[in-house]
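Here's the structure we're looking at; comments come further down.
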Amino acid sequence: LAGETILLVEDARDTREFLVEKILIPQGYHVLTAADGNEALAIALEQSVDLIIADYLMPQMTGLALLEELKRRGVYTPFILITAEGSESLAVRAMRLGVRDYIIKPFDIDYFLDAVAQVLAVDLPIGQPILEMLHLANDPILITDRDNHFLFANQVAKELFNLNDPIPRGISLRDLVTHADLLAMFEDTDTRPRYEIDIRRDVGHVILNAHLTLIPDLGKIAIMQDVTRLKEADRAKSEFVTSISHDLRTPLTAIMGYIELLERVGPLTEQQRKFKENVQFSVRSITALLTDLLELSKVETGFHDALQPTQVDIIVRYAIETNRTQLETKGQRLTVDLQDNLAPVLGNPIRLKQVASNLVQNAIKYTPSGGSIDVRLYGEGEFIILQVSDTGIGIAPEDQHRIWEKFYRTKEAAANFEGTGLGLSIVKGIVDVHGGRIWVESVPNEGSTFIVMLPAYREPV
Ligand code: ADP
């Protein structure tokens, strides 16, 4: 037998007695009854019941007004509304208020009992030992049913989201927590949404890496990881790199300046001129490295706030123009094919230009004189695709996944070409912030194609 306590609120005595005596009690439920909203309110405030079933049309207070009043007083008991009037607007109001089911008279008894059993069945289908484990886990865990009714939160989650025991059974998550990102994650229609949840505290804040999984027969489980310290360390590192790069560039500029002056204060011997050139080359390399480090740390600190609908073809054209001299110096052939009327991308124009420019520069650098470079931009489904191909030295298969790492350069590149090994890390960082993907297809000694896929931006309607 079931054993749950149900409060039935119905003004018509016959119906009330029929439902109680003939239907609910034989099923093993404990039943309390009320003849109107005020009486029901008094009972529900006084004792804990598992389910309230209320008629809509009652004198003094409708079933919905009762529900509203209960919520106002912090009682979130699951609620089933019975009504003789099957109007859509009433149904909508009822759903908004969070009724768990909506039954129209006259109803089938089996249907009614089914609805009651369903609403009462939101208990966690998880064994006690596993619940204990979840409770003790260091990472916050939150479980709801498919419709976002609260089922479980472990100790850490309760502390973080300020949930005070006892949490009313079957309460909708919306009525329980105010945290917008957490709610958004549960209401996301994605199959496995991931969110970064930032919880402000009196002192500082906590950042959680959260992901949600839908488990059939259970509901939604959100597992979160506290990454506050990681984020903090990352930020400190970026700040350190930024300030070091700035501080080092100033003396380098002075060195460069004085080297330029050497020849003006007196003639240099051939050997002195050679030494001077060596120093200049080294200083330029260090400056390039510092510039790249600075760029990388800027990209790593993020620039989410600066994203705007951006037309990528204009940017690609601009990137090509800024590199045209180098291309002509090396006598390389260039073909450009940019599709018209492409959808924009939600992006940062300066950073996107950096992506295109970096790829074009690499293509020029790693392709011998007389080779060809091909730049293409087109739309495909929900994506804008940029493709930069060259007929250069290519990249060995075992290097292809490593070139995105900071400072990684292939042996051939390191031996024959100048570079910092940071360009593609910057490019990948930028593509990531734009929610895109980048990869390379390449055959050594034949050439490489870098492909960037960015989500197209659709105006919100
Ligand atoms: P850098 O060019 O300064 O070395 P990147 O991060 O831009 O740094 O590139 C990393 C490595 O990837 C390069 O050193 C090179 O080995 C390889 N690479 C990048 N682009 C190309 C290309 N178009 N053709 C061949 N190799 C490339």
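Just follow the structure's listing: the first ligand is 1, and inside any ligand the first atom is 1. By convention here, the first residue in the shown sequence is residue 1.
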| When Glu300 is tested against each of Lys428, Lys406, Lys231, Arg235 for salt bridge (charged side-chain N to carboxylate O under 4.0 Å, His left out), which residue passes? | Lys406
| query | salt bridge (Lys or Arg N to Asp or Glu O under 4.0 Å): which pairs involve residues 69-80, sequence neighbours left out? | reply | Glu69-Arg72, Glu69-Arg73, Lys71-Asp175
| request: Sort out the contact shell of ligand 1: every protein residue with a heavy-atom distance below 4.0 Å, listed by chain and number. | output: Asn362, Ala363, Lys365, Tyr366, Asp390, Ile393, Gly394, Ile395, Ile403, Tyr408, Arg409, Thr410, Ala413, Gly419, Thr420, Gly421, Leu422, Gly423, Leu424, Ser448, Phe450
| said: Determine whether a donor-acceptor pair (N or O, by modelled atom type, separation under 3.5 Å) exists between the side chain of Arg376 and the backbone of Ser389. | reply: no
May I have the list of side-chain donor-acceptor pairs in residues 335-346 shorter than 3.5 Å, sequence neighbours left out?
unit_1 : atom_1 : unit_2 : atom_2 : d
Thr335 : OG1    : Asp374 : OD1    : 2.7
Gln339 : OE1    : Gly379 : N      : 3.3

| What residue pairs, at least two apart or across chains, pass salt bridge (Lys or Arg N to Asp or Glu O under 4.0 Å) with a residue in residues 389-400? | none
| said: One thing to verify: whether Arg284 and Glu418 come together as a salt bridge, which I'm taking to mean a side-chain N less than 4.0 angstrom from a carboxylate O. | reply: no
